[in-house]
**Student:** 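My questions will all concern the structure given below.
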Amino acid sequence: MAGGRISAQEFIDKVLDPGSFASWDVPPIDVGAGEKYLADLGRAAEKSGVDESVLTGSGTVHGRRVALIVCEFSFLAGSIGVAAAERIVAAVERATAEGLPLLASPTSGGTRMQEGTLAFVQMVKIAAAVAAHKAAHLGYLVYLRNPTTGGVFASWGSLGHVTAAEPGALVGFLGPRVYKALYQEDFPEDVQTAENLYRKGVIDGVVPLGGVRQVVHRLLRVLVEPNRPEVAASPAITAVDDVPDIPAWQSVMLSRRPERPGIRQLLRHAASAQVPLSGTGQGESDRTVLLSLARFRGVSCVMFGQDRAGQSPERTMGPGALREARRAMRLADELRLPLVLVIDTLGASLSKEAEERGLAPEIARCLADLVTLSTPTVSVLLGQGTGGGALALLPADRVLCAQHGWLAPLPPEGASAIVHRDTTHAPVMAQDQGIRSRDLLRNGVVDAVVPEHPDATEEPVSFVKRVGAAVARELAVLTDEPAEERYRRRIERYRKLGVPS
């Protein structure tokens, strides 16, 4: 780690299997450099031990092959000129042609000033190559090293499906030295840090170099490991008469128990691999929801859901949570992975901020995006299903419901207040509105009910394992179906819902 910075070779040695790296680099193209610039390039090569600011190639992580692009900061501050950009684009295009996931690790001051505008516009062709790679449904993973600024961060450094950064890394658009020179004052402290960008939902995590290999390993398990469904005996009920006939209000009360297992327990006990992500990637992070890449019983997926552990009457899901849901939908579409959605919400935020930031339009966009998504989708009504925040995650190919899960336009107390002008009629409203799992199954809103014996709170691990098995079973069936048939059936289902036959 020269000068406190991680070198390109150190990154390669720490992340890849020993001896697996194979360079793709050829001598840099001639950019017509003048005498002074040629001398700068020569000194940079002597200092860094490499011939350009970027190294490319392929290697393996736990035996799985991945393409690699790594910046070397000691070569002219990792700056990107025409030759470096050409090397990056050639590597991206080769990774696309060979069907390889791509791991990029920038560390750079940005555009190479010695080459001026021609170097500056190279970011366009790099971004275009990355976009084509992603359009081929191949994974693009980014690990930002200290520092990553300027055009590099504003192009290929910010396009990852998953983005992590080195602890304490300076990450930002305008470097602090340039800011001070332009504005004669220091840039505000603790803004352009990996940790702050993680908190704000710009990147997915902060990972020390020693942990990158394991994170990449888990990601590759989800992205490239073939699906091998492990389907057990049916863990869900599909016949209405087999669902216990208990009062709806009892299910409502049981679903609100603080100890009831939620999405975190589902991932912990039912997923064989998971990589948690965070935020929208656009500066929003809502702690009432959770996003992860995961693998259930041999089938990979993107999982997004409402996290009961992060909710309270004072903290409910806002527009940012729904924008994060739409990020999950984009990930599923780009990576050609099934999408699993978990509904467990006491309702969306009722606030001035939520209204002004577009809560209702985000619900509408979620509905439109989800109902037209090309990949297989499974929704799980795990607990409370209140209002538009629940509905936004509902219209999937298959919908599962926990025995004590429920779905309603308002909490029963709210419905009672509208109809009866009090809340004492909430149990009656819960029964009359058909919100319980038995009624949802009868009316075709859900496809199967996952039993609770007698309540998930009393058997949390067994319950979430049954849910995981039910999800895996649905995914195994859906992934074998043609996309056109799944889409047609999904649209037809909601077209006919509630219409007398």
Side-chain angles (χ1 to χ4, degrees), residues 137 139 161 218-238 261-277 290-306 325 327-344 369-382 393-402 405 441 445-451 463-491 493:
H137 311 299
H161 290 116
R218 295 204 308 267
L219 281 165
L220 293 179
R221 280 199 64 193
V222 174
L223 296 178
V224 304
E225 191 168 321
N227 285 336
R228 299 186 182 91
E230 306 164 12
V231 180
S234 179
I237 300 169
T238 56
I263 188 173
R264 290 182 182 273
Q265 289 76 22
L266 177 60
L267 282 166
R268 184 180 305 131
H269 298 292
S272 57
Q274 60 162 309
V275 182
L277 309 182
L290 187 149
L291 171 61
S292 182
L293 298 176
R295 195 166 170 86
F296 285 90
R297 290 179 174 255
V299 181
S300 296
C301 68
V302 177
M303 172 170 273
F304 175 84
Q306 292 145 347
R327 179 195 175 191
M329 296 174 201
R330 288 193 300 273
L331 277 174
D333 185 51
E334 289 179 358
L335 295 171
R336 281 294 185 263
L337 290 174
L339 176 65
V340 177
L341 299 157
V342 175
I343 300 168
D344 196 357
D369 289 354
L370 182 54
V371 82
T372 57
L373 197 66
S374 61
T375 61
T377 53
V378 176
S379 286
V380 183
L381 188 49
L382 199 62
L393 307 187
L394 181 74
D397 293 310
R398 296 286 289 176
V399 182
L400 303 173
C401 185
L441 183 61
V445 177
V446 306
D447 299 294
V449 173
V450 180
F463 168 70
V464 294
K465 285 184 175 180
R466 280 198 300 278
V467 173
V471 167
R473 186 179 187 86
E474 299 297 346
L475 292 178
V477 173
L478 290 170
T479 51
D480 287 337
E481 293 184 355
E484 297 80 6
E485 175 61 22
R486 280 190 283 100
Y487 176 73
R488 184 201 61 76
R489 193 173 62 248
R490 190 190 308 160
I491 294 296
R493 168 190 188 145

**Student:** Roughly how far, to the nearest 0.5 Å, is CG of D344 from CG of L381?
**Tutor:**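 Taking CG in L381 and CG in D344, the distance rounds to 8.0 Å.
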**Student:** By salt bridge (Lys or Arg N to Asp or Glu O under 4.0 Å), which residues pair with R489, not counting sequence neighbours?
**Tutor:**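 Salt bridge (Lys or Arg N to Asp or Glu O under 4.0 Å) list for R489, sorted by chain: E481, E485.
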**Student:** Quick check: do F296 and L267 have side-chain heavy atoms less than 4.5 Å from each other?
**Tutor:**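 With C-beta onward as the side chain, the pair touches.
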**Student:** At their closest point, which heavy atom of V302 faces which heavy atom of A328, and how far apart are they?
**Tutor:**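 Nearest heavy atoms, V302 then A328: CG1-O, 3.8 Å.
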**Student:** Could you pull out all residues at least two apart from L400 that satisfy side chain to side chain contact (heavy atoms under 4.5 Å, CB included)?
**Tutor:**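 Listed in chain order: V378, V380, A448, A470, V471, E474.
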**Student:** Just so I know, are the side chains of L291 and M303 near enough to count as touching, which here means a heavy-atom distance under 4.5 Å?
**Tutor:**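 L291 vs M303: side chains apart.
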**Student:** What residues form a side chain to side chain donor-acceptor pair (under 3.5 Å) with R466, not counting sequence neighbours?
**Tutor:**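 Checked R466 against side chain to side chain donor-acceptor pair (under 3.5 Å); matches are E459.
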**Student:** Taking all atoms of both residues into account, what is the closest heavy-atom pair of P451 and I237, and its distance?
**Tutor:**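 Minimum heavy-atom contact is CB-CD1, 4.1 Å.
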**Student:** So how far is it from L337 CG to T375 OG1, rounded to the nearest 0.5 Å?
**Tutor:**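 That separation rounds to 8.0 Å.
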**Student:** With heavy-atom distances below 4.5 Å as the criterion, would you say the side chains of L335 and H137 are in contact?
**Tutor:**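 L335 vs H137: side chains apart.
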**Student:** Any idea which heavy atoms bring S292 and V275 closest together, and the distance?
**Tutor:**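 Between these two residues, the closest heavy atoms are OG-O, 3.2 Å.
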**Student:** Test of understanding: with salt bridge (Lys or Arg N to Asp or Glu O under 4.0 Å), list the residues that count as partners of D369, not counting sequence neighbours.
**Tutor:**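 Applying salt bridge (Lys or Arg N to Asp or Glu O under 4.0 Å) to D369 gives R326.
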**Student:** Any chance you could lay out the salt bridge (Lys or Arg N to Asp or Glu O under 4.0 Å) test for R486 and D480, step after step, and finish with the verdict?
**Tutor:** CA-CA 10 Å; R486 280 190 283 100; D480 287 337; over 6 Å; no
**Student:** Please name the pair of heavy atoms, one in A332 and one in L339, separated by the smallest distance, quoted to 0.1 Å.
**Tutor:**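 Minimum heavy-atom separation between A332 and L339: CB-CB, 4.0 Å.
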**Student:** In Å, rounded to the nearest 0.5 Å, how long is the span from CZ of R218 to OG of S272?
**Tutor:**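 Between R218 CZ and S272 OG, I get 12.0 Å after rounding to 0.5 Å.
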**Student:** Side chains of S374 and Y487: does their closest heavy-atom pair fall under 4.5 Å?
**Tutor:**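 A side-chain contact under 4.5 Å is absent here.
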**Student:** Does the R264 side chain pair with the main chain of L290, one donor and one acceptor, at a distance under 3.5 Å?
**Tutor:**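 Pair absent, no side-chain N/O of R264 close to backbone of L290.
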**Student:** Looking at side-chain heavy atoms only, is the closest gap between V340 and T377 below 4.5 Å?
**Tutor:**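 No, too far: nothing below the 4.5 Å cut-off.
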**Student:** Residues two or more places apart in sequence or in another chain: which of them pass side chain to side chain contact (heavy atoms under 4.5 Å, CB included) with V299?
**Tutor:**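 For V299, the residues satisfying side chain to side chain contact (heavy atoms under 4.5 Å, CB included) (neighbours in sequence not counted) are N227, P229, L475.
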**Student:** If you round to the nearest 0.5 Å, how far is CG of D447 from CZ of R398?
**Tutor:**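 Answer for the CZ-CG pair, R398 versus D447, is 4.0 Å.
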**Student:** Could you report the tightest heavy-atom contact between A270 and V464, atom names first, then the distance?
**Tutor:**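 So the two residues come closest at CB-O, 3.7 Å.
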**Student:** Start with the C-alpha gap between V450 and F463, add the side-chain angles, then the distance that decides, and say whether side chain to side chain contact (heavy atoms under 4.5 Å, CB included) holds.
**Tutor:** CA-CA 8 Å; V450 180; F463 168 70; 4.2 Å; yes
**Student:** Give, for atom CG of L394 and atom CG of L370, the distance between the pair rounded to the nearest 0.5 Å.
**Tutor:**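 The distance works out to 8.5 Å.
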**Student:** Applying salt bridge (Lys or Arg N to Asp or Glu O under 4.0 Å), can you list everything that pairs with R490, at least two apart in sequence or on another chain?
**Tutor:**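 Partners of R490 by the salt bridge (Lys or Arg N to Asp or Glu O under 4.0 Å) criterion, ordered by chain and then number, come out as D397.
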**Student:** Spell out, as yes or no, whether a donor-acceptor pair under 3.5 Å connects the side chain of R493 to the backbone of V445.
**Tutor:**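 Side chain of R493 to backbone of V445: a pair is present.
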**Student:** Output all residues satisfying side chain to side chain donor-acceptor pair (under 3.5 Å) with S300, sequence neighbours left out; order by chain, then residue number.
**Tutor:**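 Scan of S300 (side chain to side chain donor-acceptor pair (under 3.5 Å), adjacent residues dropped) gives R295.
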**Student:** Ignoring hydrogens, what is the shortest heavy-atom contact between L223 and G139? Give both atom names and the distance.
**Tutor:**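 Shortest heavy-atom contact: CD1-CA, 4.2 Å.
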**Student:** Between L220 and E225, is there a side-chain heavy-atom distance shorter than 4.5 Å?
**Tutor:**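 Heavy-atom side-chain distance check fails, nothing below 4.5 Å.
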**Student:** Quick one, I343 and L382 - any side-chain contact, counting heavy atoms below 4.5 Å?
**Tutor:**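 A side-chain contact under 4.5 Å is absent here.
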**Student:** Quick check: does any side chain N or O of S379 sit under 3.5 Å from a backbone N or O of L393, one acting as donor and the other as acceptor?
**Tutor:**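 Judged by distance alone, yes, a pair lies under 3.5 Å.
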**Student:** Mind checking salt bridge (Lys or Arg N to Asp or Glu O under 4.0 Å) for R336 and listing every partner two or more places apart, or none if nothing turns up?
**Tutor:**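 Residues passing salt bridge (Lys or Arg N to Asp or Glu O under 4.0 Å) with R336: D333.
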**Student:** Taking only residues two or more places apart in sequence, or in another chain, which ones meet E334 in a side chain to side chain donor-acceptor pair (under 3.5 Å)?
**Tutor:**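 Listed in chain order: H161.
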